[in-house]
Amino acid sequence: MSETIDSLLHEKRHFAPPPNFVAQANVSDPSIYEAAEPDYEGFWANWAAKLDWFEPWSQVLDWQPPYAKWFLGGKINACHNCVDRHVSAGLGGKTAILFEGEPGDVRAITYAELQAQVSKTANALKALGVKKGDIVCIYMPMVAELAIAMLACARIGAAHSVVFGGFSAEALRERINDGGAVAVITADGGWRRGKIVELKKTVDEAIQDCPSVKKVLILKRTNQPQDYSWVEGRDCWWSDIVDNQSEDCPCEPMDSEDLLFTLYTSGSTGKPKGIIHTTGGYLTGTFATFQWVFDIKPNDIYWCTADCGWITGHSYVVYGPLANGATVLMYEGAPDTPDKDRFWRIVENHKVTILYTAPTAIRAFMKWGDEYPAQCDLSSLRLLGSVGEPINPEAWVWYWQHIGGGHCPVVDTWWQTETGSILITPLPGITVCKPGSASRPFPGVRAEVYSEDGRALEGAHGGYLVLTRPWPAMLRGIFNDPDRYVQQYWSRFPGVYFTGDGVKRDENGDLWLLGRVDDVMNVAGHRISTMEVESALVDHPAVAEAAVIGKAHDVKGQAISAFVLLRAGHEHDNIVSELKEHVAKVIGAIARPDDVFICGDLPKTRSGKIMRRLLRDVAEGRALGDTTTLADPGVVSSLRNQYEHLEA
Ligand code: WT7
């Protein structure tokens with residue numbers, strides 16, 4: 001990471017928006033920033049007013065830090081705004097979702113068809129006993145029915161809790177039980193690198209201990225023989241119940257502050273947090289940012305490569321784009337199946353105009369070679385986006401040149417599961433972009449750079465990124481854990497939202513995100529806490545103690561390195577691979593450590609705290625930082641000797 005940060009801070013290249021882009025941009029007048037400043041509530045209220053409300057709000061904002069309510073008294077339905085509204089406006093024949101499966105199956109679903117499908121699915125959920133206010137867990141491959149399931153929940157006022165299909169049975173169980181989901185929507189499996197991800201089987205394993213789950217709705221996606229079980233009365237095929245439902249299902253009027261969904265993300269402890277998002281504000285935030293940041297036009301084919309299991313999929317595959325009546329492409333599988341040009345074939349075949357992906361993917365493409373994008377026609381592209389982690393300037397410029405052909409603006413968008421919508425970003429018709437800088441807060445948003453002791457730093461300075469004003473899509477809390485909400489986000493600097501990120505502001509006021517300052521890792525754009533991996537490791541009978549760090553990795557951004565102390569008598573030849581598999585089983589493949597280093601001792605301070613900073617120095621092969629506070633300075637040098645020996 002440190003190398004990335006150095007190159008970031010010496011980056012001097014500037015990329016002005018191309019004049020022909022500016023000429024057609026949704027926003028090209030920089031005065032929108034100043035205009036939003038004096039009255040940010042009014043700014044957001046103008047956006048909210050562009051949505052359909054069953055009943056208007058009586059108050060825009062009730063802000064009693066750290067608790068915000070937006071559009072109080074307003075009644076709205078997210079599904080209505082993403083689907084029915086467009087059909088009523090005559091867009092029924094427009095493609096809403098363009099789906100491509102990994103095996104190559106393609107399906108275009110119009111807004112009118114989406115309305116019918118979502119209504120049938122919503123009626124099926126009702127028939128299964130799901131009611132307004134219930135929580136429904138969705139554990140599916142990245143297929144159109146995943147978006148349909150989310151919208152169906154929103155339609156009847158049930159909250160969804162989507163769990164990424166790569167998570168393990170244990171991780172799924174923990175999330176289901178925390179929320180108390182009454183039903184699970186899944187599939188027999190999904191396709192990934194030509195193989196089946198056995199989702200139904202994992203659900204079976206997970207819900208053995210989920211007393212709240214009464215029904216499981218299963219989409220037949222792969223239709224291949226698999227050895228999942230079947231529980232009569234609980235399990236139900238999608239085709240058996242959804243297909244014969246009525247296409248008529250009215251949208252439930254929801255209070256603006258009613259729960260739209262929870263989504264689990266990693267914090268700095270071992271337990272994932274169920275982030276709470278409500279209806280009116282979240283929809284307003286994703287709707288507005290999508291329109292301005294992605295400059296959406298009626299004929300765009302927009303593709304966000306994120307899975308709906310993450311917030312990016314919620315906000316910028318489903319709610320933001322569909323609230324704008326856009327055509328969204330969804331792709332089920334891997335970027336290198338059948339070959340490393342899969343993404344570029346998709347862009348070429350579907351004439352994708354806007355592409356939104358992650359730096360880790362861009363770095364993988366760079367590594368695979370320029371020939372893959374070069375052999376495809378990418379001339380339909382007009383705008384590129386990046387999200388999930390800091391983008392190194394080299395990757396930014398490669399993206400701009402080899403994917404954008406040197407004529408597409410690149411928007412580096414900073415936000416979080418908690419923020420719900422993009423908060424720091426260029427606007428493609430206005431901002432002069434600097435590779436590696438997410439530039440500045442979206443209009444109406446206020447971000448500041450704080451010192452260690454909580455002073456707002458003016459001018460060119462590095463520090464902690466905080467948000468000092470509420471915004472409509474902000475999280476409303478942590479499910480089942482109100483104290484953690486206050487403690488986690490609002491206590492480091494009382495009264496302001498602490499993002500957990502480090503940042504530097506340059507002489508022009510542009511912000512350069514520097515990565516997490518807490519014990520959260522960012523591995524290939526996935527957020528994983530060191531403690532989560534540590535507790536998975538110590539859960540193994542052979543492990544006495546474990547310390548986990550994120551070490552710099554040229555494609556993934558960070559890779560997981562674990563330092564493990566074994567219990568006496570548990571050393572054996574396969575222990576390293578056994579422990580890696582164990583973590584993958586407990587959390588999911590995304591958390592499988594790259595290195596597991598069996599060591600004799602861990603570097604600790606005299607008060608017994610593990611010094612992660614030193615482990616990072618060892619793992620990244622750097623000169624050791626300050627070791628004066630160590631209880632036993634010899635531990636690190638012996639660790640280093642062993643580690644170097646192992647790497648060689
Ligand atoms: C963390 C949030 C929200 C999208 C997916 C990730 C990092 C996200 C950027 C960016 C630098 C970024 C931050 C943030 N991050 N986007 N453009 N530049 N860092 O959501 O899993 O909630 O992770 O991702 O560290 O805190 P998430």
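The backbone N or O of F287 sits less than 3.5 Å from a side-chain atom of N324, completing a donor-acceptor pair. The main-chain N or O of D209 is found under 3.5 Å from a side-chain atom of N177 such that the two form a donor-acceptor pair. With N77 contributing its side chain and A154 its backbone, the two residues share a donor-acceptor pair below 3.5 Å.
Using a 30° and 60° split on the angle between ring planes, W230 and Y228 fall in the tilted class, from 30° to 60°. Taking the six-membered ring where tryptophan is involved, the planes of H277 and F261 are tilted, since the angle between them lies from 30° to 60°.
The pair R221-D105 counts as a salt bridge, with a side-chain nitrogen and a carboxylate oxygen less than 4.0 angstrom apart. Classification of E332 and R342 as a salt-bridged pair fails, no side-chain N sitting under 4.0 Å from a carboxylate O. Ion pair D339/R345 not flagged as a salt bridge, since none of the NZ, NE, NH1 or NH2 atoms sits closer than 4.0 Å to an Asp/Glu carboxylate oxygen. A salt bridge between K271 and D481 is absent, with no side-chain N of the basic residue lying under 4.0 Å from a carboxylate O of the acidic one. Under a 4.0 Å N-O distance rule, the pair E170/R173 does not qualify as a salt bridge. Taking 4.0 Å as the cut-off between side-chain N and carboxylate O, E578 and K585 do not count as a salt-bridged pair. Using a 4.0 Å cut-off between charged nitrogen and carboxylate oxygen, K215 and D235 do not count as a salt-bridge pair. Remark: D501 engages R516 in a salt bridge, criterion side-chain N to carboxylate O under 4.0 Å. A salt bridge links D204 to R234: at least one charged side-chain nitrogen sits closer than 4.0 Å to a carboxylate oxygen. Taking 4.0 Å as the cut-off between side-chain N and carboxylate O, R193 and D336 count as a salt-bridged pair. We find that K132 and E252 are joined by a salt bridge, their nearest charged nitrogen and carboxylate oxygen being less than 4.0 Å apart.
Aromatic rings from H526 and W310 are positioned such that their centres are separated by under 6.0 Å. Aromatic rings of F71 and W53 (six-membered ring for Trp) have centroids within the 6.0 Å cut-off, being under it. Under the 6.0 Å cut-off for aromatic ring centres, Y264 and F479 do not qualify, their centroids lying 6.0 Å or more apart. No close placement of the Y372 and W344 rings is indicated, their centers lying 6.0 Å or farther apart. Aromatic ring centroids of H160 and H314 lie under 6.0 Å apart. Taking the six-membered ring where the residue is Trp, the centroids of F99 and Y331 are separated by 6.0 Å or more.
In this structure, the ring pair (Phe, Tyr, Trp, His ring centres under 6.0 Å) partners of Y111, at least two apart in sequence or on a different chain, are H86.
At least one side-chain heavy atom of T121 sits under 4.5 Å from a side-chain heavy atom of W238. E145 places none of its side-chain heavy atoms less than 4.5 Å from the side chain of I185. Between I560 and R592 the shortest side-chain heavy-atom distance does not fall below 4.5 Å.
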Hey, can you pull the donor-acceptor pairs under 3.5 Å for the side chains in residues 356-365, sequence neighbours left out?
residue : atom : partner : partner atom : Å
Y356    : OH   : T413    : OG1          : 2.6
Y356    : OH   : W415    : NE1          : 3.2
T357    : OG1  : T305    : OG1          : 2.8
T360    : OG1  : V555    : O            : 2.9
R363    : NE   : D554    : O            : 3.2
R363    : NE   : V555    : O            : 2.9
R363    : NH1  : N392    : OD1          : 3.1
R363    : NH2  : E389    : OE1          : 2.8
R363    : NH2  : V555    : O            : 2.9

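Both tests pass for K220 against the ring of W237: distance under 6.0 Å to the centre and angle within 45° of the axis.
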**Request:** Mind running ring pair (Phe, Tyr, Trp, His ring centres under 6.0 Å) on F290 and Y302 for me, showing each step along the way?
**Result:** CA-CA 11 Å; F290 184 76; Y302 162 87; 4.7 Å; yes
